[in-house]
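Since the structure comes first, as C-alpha cells, the remarks are kept for the end.
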Amino acid sequence: MKKKLVALLMSAVMASALLAGCGTAKDAETEQETVEDAAETETEAGSEDADAAAEDANAEAESEESNESNESADAQEGEAVVLKCVCDLTPHSEILNAAADLLSEKGIELDIVSTTWDATWNDMLVDGEIDFAYFMHVPAMESIEEEMGATLYSMGGIHVEPYACFSDKYASKDELPENAVIAIPNDSSNEYRALKVLEAEGFIKLNPDMTAIDASVNQIDEYIIPIEIVEMDQANIIPSAADFDAYFVNVNRALEADIDTTAYLMREGEDSEYANIITVTEANKDNEAIKTLVSVLQSDEVKKFIEENFNGAVIPAK
C-alpha cells in the first residue's frame, strides 16, 4: 500500500514538472527526495505504532495472567482443611457437630469416619488412617500406649462424663440389698473408676497402690459392705442389666441407651480427672488445624452447648 502511494506521488511530481515546462531536473530530483523522505517517515511512524500496540497487548496478557495466578492462589488459600476422626456417637459426635460452624469459619471441616466403637479405632489412629480420636481419657490413652507400644498425645480435654452407677431395680444406693450384685467394666481404666466410686461411697477399701493400669477386684483389700462385683465387657453390661442389682457404665453409653442419667445411684464428682480428650500421634501433635480444633471445642460457645444439652450428664472439662 505504501509503495503504491510513493509511486503515485512520484508520478504526480513528474507530471507537474512536465506541465510547468520551466522546471529543471534538479527541481524534480529535489521533489522526489521530499516524497521519499515523507514515505520513510510514514513507514517509521507505522512501525512505532505497531511496536506500541504489541507492547500494550503483551502488558494486557501479563496482567490477565497475573490476575489468574492471584485468583488461583486465593482459591487455594480458601480451601478447607479436612480432618478425619473417630468418636463416640454420644455426646462426642454431637459436640463436634455443634462446633461445625465455628470450625468452618476457621477453614476446618471434619470427616467423622465412625461413631461405633470397635478395636480397630486404636489401629486407625496409630496407623495414621485418621488425624485424631475423640473417645478416650488420659488413663485410657496410657493403657493403649502400653498395649500397642505406641506414643500418643493429648491435645486437650473437652468434656467429662462423670462415671456413674445405675439400677433398673432400685432408686438409690441405700436401697441396695446386702450382697448386691454389681457389674463393672473389665477394662482397667474404667474398672479403676468404678472401684474408686465404690470406695468413695464406703463399700470397699482398695490397695492404695492400685493404678488405672492394674485395677481389678484383686486390688480390693476389704469389703466394708458385703457386695458381689462382676467384671465384664462394658459393651455387654447394659444389654444384661436386668441380671444385676446395679451396674457401672460410661454416661455416654447410658445416653445412647436412653437411660435417665440423672437417676444414678452414685457417681464421680464433677472434678473428675477423666476428661475426654483429643488424641493424636506424633505426626499431628504440632498440626495447627488440630490446635485450632481444640481451641474451638474449649470455647465458651461449645461449653454452653454442653451445659444446655446434656442435663449434667456431660460437663465441660475444667
Side-chain angles (χ1 to χ4, degrees), residues 85-103 110 112 114-117 133-140 156-176 182-185 189-198 200-201 234-242 244-278 293-318:
C85 69
V86 293
C87 64
D88 282 323
L89 180 63
T90 302
H92 306 68
S93 69
E94 296 171 70
I95 293 171
L96 291 179
N97 288 330
D101 288 342
L102 292 173
L103 291 171
L110 299 180
I112 301 177
S114 174
T115 57
T116 304
W117 186 90
Y134 178 29
F135 68 91
M136 66 182 83
H137 43 63
V138 170
I158 309 305
H159 74 273
V160 175
E161 302 161 19
Y163 211 73
C165 178
F166 300 93
S167 175
D168 293 349
K169 301 174 182 179
Y170 306 101
S172 73
K173 70 172 185 176
D174 296 331
E175 295 180 11
L176 289 173
I182 302 176
I184 66 174
S189 61
N190 284 321
E191 183 162 6
Y192 175 87
R193 298 174 74 182
L195 291 173
K196 294 294 283 186
V197 171
L198 287 171
E201 296 293 339
Q234 181 167 235
N236 297 325
I237 290 179
I238 292 177
S240 57
F244 308 107
D245 294 306
Y247 53 92
F248 280 86
V249 292
N250 283 324
V251 175
N252 66 300
R253 297 189 184 278
L255 290 170
E256 291 172 9
D258 292 326
I259 294 171
D260 181 0
T261 54
T262 65
Y264 56 86
L265 303 188
M266 45 190 145
R267 75 171 191 176
E268 293 174 323
E270 294 183 354
D271 58 348
S272 171
E273 61 182 304
Y274 289 88
N276 280 242
I277 59 176
I278 299 298
L293 165 75
V294 172
S295 177
V296 168
L297 294 178
Q298 292 177 338
S299 67
D300 289 341
E301 293 90 337
V302 175
K303 287 181 179 179
K304 184 177 180 181
F305 170 81
I306 294 172
E307 291 168 347
E308 293 180 350
N309 285 273
F310 299 105
N311 199 26
V314 181
I315 57 177
K318 292 183 180 179

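The structure presented is a predicted model; accordingly, all values stated were derived computationally and were not measured.
In this structure, F310 places its CZ atom where more than 12 heavy-atom neighbours from other residues, nucleotides or ligands lie under 6.0 Å away. In this structure, K169 places its NZ atom where more than 12 heavy-atom neighbours from other residues, nucleotides or ligands lie under 6.0 Å away.
Partner of I158 under the side chain to side chain contact (heavy atoms under 4.5 Å, CB included) criterion, chosen from V314, N276, I278: I278.
When all heavy atoms of G157 and A275 are compared, the pair lying nearest together is CA-CB, 4.2 Å. Nearest heavy atoms, A246 versus L176: CB-CD2, 4.1 Å. Nearest heavy atom pair, residue I237 against residue A183, reads CG2-CB, 4.4 Å.
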>> For C85 and L96: C-alpha separation, side-chain torsions, deciding distance, then whether side-chain contact (heavy atoms from CB on, under 4.5 Å) applies.
In response: CA-CA 10 Å; C85 69; L96 291 179; 4.1 Å; yes
> Step by step, would you call H137 with I277 a side-chain contact (heavy atoms from CB on, under 4.5 Å)?
Replying inline: CA-CA 6 Å; H137 43 63; I277 59 176; 5.5 Å; no
>> Set out, in order, the CA-CA distance, both residues' side-chain angles and the distance that settles side-chain contact (heavy atoms from CB on, under 4.5 Å) for I184 and R193, then state yes or no.
In response: CA-CA 9 Å; I184 66 174; R193 298 174 74 182; over 6 Å; no
> Run the side-chain contact (heavy atoms from CB on, under 4.5 Å) check on D88 and S93 step by step: do they pass?
Replying inline: CA-CA 6 Å; D88 282 323; S93 69; over 6 Å; no
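Using a 4.5 Å cut-off on side-chain heavy atoms (C-beta onward), L293 and L110 make contact. Counting heavy atoms from C-beta outward, V251 and R267 have side chains that stay 4.5 Å or more apart. Two residues are said to be in side-chain contact when any heavy atoms from C-beta on lie closer than 4.5 Å; I238 and I259 meet this criterion. Using a 4.5 Å heavy-atom cutoff, the side chains of V249 and F166 are in contact. In this structure, Y264 and S172 have side chains that are not in contact, with every pair of non-hydrogen atoms separated by 4.5 Å or more.
For an aromatic pair to be called close, the ring centres must be under 6.0 Å apart, and H159 with F305 fails this.
Atom CD of residue Q298 and atom NZ of residue K303 lie 7.0 Å apart, to the nearest 0.5 angstrom. Going from atom CG of L265 over to atom CG of D174 covers 9.5 Å, rounded to the nearest 0.5 Å. Put simply, CD on E161 and OG1 on T261 are 10.5 Å apart, with the number rounded to the nearest 0.5 Å. Here the CD1 atom belonging to I182 is positioned 6.5 Å from the CZ atom belonging to F248, to the nearest 0.5 angstrom. Separation of atoms CD1 (I112) and OG (S114) is listed at 10.0 Å; rounding is to 0.5 Å. Going from atom CG of L103 over to atom CG of N97 covers 10.0 Å, rounded to the nearest 0.5 Å.
The closest donor-acceptor contact from the side chain of S167 to the backbone of D245 lies under 3.5 Å. The closest donor-acceptor contact from the side chain of E307 to the backbone of P316 lies at 3.5 Å or more, if one exists at all. A donor-acceptor pair under 3.5 Å is absent between the side-chain atoms of E201 and the main chain of V197, judged by distance alone.
In this structure, a donor-acceptor pair under 3.5 Å is absent between the side chains of Y274 and N190. A donor-acceptor contact under 3.5 angstrom links the side chains of D260 and T262, judged on distance only.
Using a 30° and 60° split on the angle between ring planes, H92 and Y134 fall in the perpendicular class, above 60°.
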